[in-house]
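Letters A, B, ... mirror the listed sequences (proteins, then strands); counts begin at 1. The model shown is predicted, which means the values in this text are computed figures rather than measured ones. Below, each value reflects all heavy atoms present in this structure, side chains not excepted, and no hydrogens, waters or symmetry copies.
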Amino acid sequence: GENVEQHPSTLSVQEGDSAVIKCTYSDSASNYFPWYKQELGKRPQLIIDIRSNVGEKKDQRIAVTLNKTAKHFSLHITETQPEDSAVYFCAPFSGGYQKVTFGTGTKLQVIP
Amino acid sequence: DTAVSQTPKYLVTQMGNDKSIKCEQNLGHDTMYWYKQDSKKFLKIMFSYNNKELIINETVPNRFSPKSPDKAHLNLHINSLELGDSAVYFCASSQEGLGGGYTFGSGTRLTVV
């Protein structure tokens, strides 16, 4: 099965700083790379995703970058705000009927 | 107009009891899932159904039995509940088969006492 690792497991940043979370995967056939945000006591929600034919995607303060050769992709959050505090999960996927393995999660704390 | 709805939101029950969790999605998605999230926040897939057909059945005790009466509904029945079953159970659905962006339900926090 797919091995998925996220780093760091916890991250504290000052409000206004940037945060970067990295997801490393093992399946070279992975072609879909989403990031989910889970606020305390709530459901995970898809916040951004990228396909393997694209190297970077941006949506306001968040961006995802992909390095298929090195088999990792990263979530970038700029100008962090307290409401960005949450647990973030990656879930790379290779298509077909393979199961999706979620990363172990990164707890981001934005300090006001 | 909730996209994926789960009931109940909270479930507290005694060991040995049998309980069910229900899930419904109104997104027209073909694939639905059950995930278990433990106290360390790990999200682990349990089952996946595509158009009422079971396509993923992880190593889950057979006390857990999913049922999908139609592609919009996926229920989870748990027999003989154990303390270790305490967790948050999330239902989810996706549009592009397995792995397209998931839409999660609000979760069911199961506490076995």
Sort [X] into side chain, backbone, both or neither according to what part of it lies under 4.5 angstrom from a heavy atom of chain A.
X        : value
B/Leu43  : both
B/Phe104 : both
B/Val4   : backbone

Is it the case that over 12 heavy atoms from other parts of the model lie below 6.0 angstrom from the [atom1] atom of [X]?
X       : atom1 : value
B/Lys71 : NZ    : yes
A/Gln81 : CD    : yes
A/Leu40 : CG    : no
A/Lys68 : NZ    : yes
A/Gln60 : CD    : no
A/Glu15 : CD    : yes

Between NZ of B/Lys41 and NZ of A/Lys107, what distance do you get to the nearest 0.5 Å?
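Here the interatomic distance stands at 8.5 Å.
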Separation between CZ of A/Arg43 and CD of B/Gln37, rounded to the nearest 0.5 Å:
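That separation rounds to 13.0 Å.
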Validation row, ring centre A/Phe102 to ring centre B/Tyr35 under 6.0 Å
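Under 6.0 Å, so yes.
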Could you check whether any side-chain N or O of A/Tyr36 sits under 3.5 Å from a backbone N or O of B/Tyr102, counting only pairs where one atom can act as donor and the other as acceptor?
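Between the backbone of B/Tyr102 and the side chain of A/Tyr36 there is a qualifying donor-acceptor contact (under 3.5 Å).
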A/Tyr32 side chain vs B/Gly101 backbone, donor-acceptor pair below 3.5 Å
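Yes, because the side chain of A/Tyr32 sits within donor-acceptor range (under 3.5 Å) of the backbone of B/Gly101.
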